[in-house]
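Take this structure first; my questions come after.
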Amino acid sequence: QVQLVESGGGLVQAGGSLRLSCAASGRTFSTYNIGWFRQAPGKEREFVAALTWSGAAATYYADSVKGRFTISRDNAKNTVYLRMNNLNPDDTAVYSCAADSNRGYYSGTYYATPANYDYWGQGTQVTVSS
């Protein structure tokens, strides 16, 4: 079982940057696919970015964040990061990371689907002011 804890959220002005962290328990962290999702008030959960397990090492991004956000992992620290640049008010949401133990090879649609993830963190709030 994996426990996930997000951190790094906060209040930032439009155009600013934040780096979110997703710290995981467990010694097999490198074998998990990790996804970031966000949910704004009154909206459905939305895919942001995903990083496959280390053997595949592929990344996927939502079109709305492509070129602005970067997902990366440090297996030695059992942590996945989401670097967010050029933030705008539409990025305001609770950001959650999730882990999936499936080590198959799938299309981006698989990694963008919340139901495919087994473990979830509690989320961290990101607020972007205009």
Side-chain angles (χ1 to χ4, degrees):
Q1 191 164 355
V2 175
Q3 291 184 324
L4 305 172
V5 179
E6 302 95 335
S7 61
L11 174 64
V12 64
Q13 288 188 330
S17 299
L18 283 174
R19 189 181 75 164
L20 305 183
S21 298
C22 173
S25 63
R27 292 179 291 179
T28 59
F29 176 68
S30 64
T31 65
Y32 284 83
N33 306 309
I34 302 294
W36 281 98
F37 294 81
R38 66 187 182 187
Q39 189 166 20
K43 295 187 177 181
E44 292 188 355
R45 180 178 285 167
E46 176 187 28
F47 169 72
V48 176
L51 178 61
T52 64
W53 64 288
S54 296
T59 57
Y60 300 90
Y61 296 94
D63 288 342
S64 59
V65 307
K66 204 171 291 184
R68 299 189 298 123
F69 291 12
T70 303
I71 189 171
S72 62
R73 73 193 304 160
D74 185 337
N75 289 329
K77 295 182 178 180
N78 275 11
T79 300
V80 168
Y81 303 100
L82 184 68
R83 177 68 180 182
M84 307 186 295
N85 295 329
N86 194 21
L87 287 160
N88 61 67
D90 289 338
D91 296 315
T92 295
V94 174
Y95 285 71
S96 300
C97 63
D100 163 40
S101 60
N102 194 332
R103 286 182 282 172
Y105 293 83
Y106 302 99
S107 69
T109 300
Y110 173 87
Y111 301 104
T113 303
N116 291 329
Y117 289 83
D118 306 306
Y119 308 101
W120 290 81
Q122 83 289 349
T124 185
Q125 176 71 46
V126 171
T127 303
V128 184
S129 63
S130 58

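For this chain, numbers begin at 1 and follow the sequence in order.
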Spatial distance of atom CD (Q1) from atom CG (D118) [nearest 0.5 Å]: 10.0 Å
Connected via hydrophobic side-chain network under 4.5 Å: L82 and F47: no
Spacing of Y61 atom OH and L51 atom CG [to the nearest 0.5 Å]: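 Atom-to-atom, Y61:OH and L51:CG are 7.5 Å apart.
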Report the distance from atom OH of Y32 to atom OG of S101, rounding to the nearest 0.5 Å.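 Between Y32 OH and S101 OG, I get 5.5 Å after rounding to 0.5 Å.
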Please walk me through it: do M84 and V65 pass side chain to side chain contact (heavy atoms under 4.5 Å, CB included)? CA-CA 8 Å; M84 307 186 295; V65 307; over 6 Å; no
Got R103 and T31 here, is their nearest side-chain heavy-atom distance under 4.5 Å?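 They are in contact (side-chain heavy atoms under 4.5 Å apart), so the answer is yes.
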I'd like to know if V126 and W120 are part of one continuous hydrophobic network [Ile/Leu/Val/Met/Phe/Trp/Tyr, side-chain heavy atoms within less than 4.5 Å].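 No; V126 is not reachable from W120 via cluster members.
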Whether the Y110 and D100 side chains hold a donor-acceptor pair (N or O, under 3.5 Å, no angle test) is what I'd like checked. yes
Working to the nearest 0.5 Å, report the span between CD1 of I34 and OG of S72.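 Spacing of CD1 (I34) from OG (S72) equals 12.0 Å.
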Would you mind reporting whether S64 and E46 have side-chain heavy atoms less than 4.5 Å apart?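 Of all side-chain heavy-atom pairs linking S64 with E46, at least one is under 4.5 Å.
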Just by distance, with hydrogens left out, do S17 and N85 show a side-chain donor and acceptor under 3.5 Å apart?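 Yes - a donor-acceptor pair under 3.5 Å links their side chains.
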Mind checking the CZ-CZ spacing from R45 to R38? Nearest 0.5 Å is all I need. 13.5 Å
Looking at side-chain heavy atoms only, is the closest gap between F69 and L18 below 4.5 Å?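 No, too far: nothing below the 4.5 Å cut-off.
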Near Q125 CD, under 6.0 Å, is it more than 12 heavy atoms from other residues, nucleotides or ligands? yes
How many angstroms lie between OH in Y60 and CD1 in I71, if you round to the nearest 0.5 Å?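 Here the interatomic distance stands at 12.0 Å.
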Joint hydrophobic cluster, W36 plus W53, side-chain heavy atoms closer than 4.5 Å: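 No: no chain of side-chain contacts under 4.5 Å links W36 to W53.
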Should Y81 and Y119 be counted in the same cluster of Ile, Leu, Val, Met, Phe, Trp and Tyr side chains packed under 4.5 Å apart? no
Stepwise side chain to side chain contact (heavy atoms under 4.5 Å, CB included) test for F29 and V2: CA-CA 8 Å; F29 176 68; V2 175; 5.5 Å; no
Ring centres of F37 and Y117 under 6.0 Å apart? yes
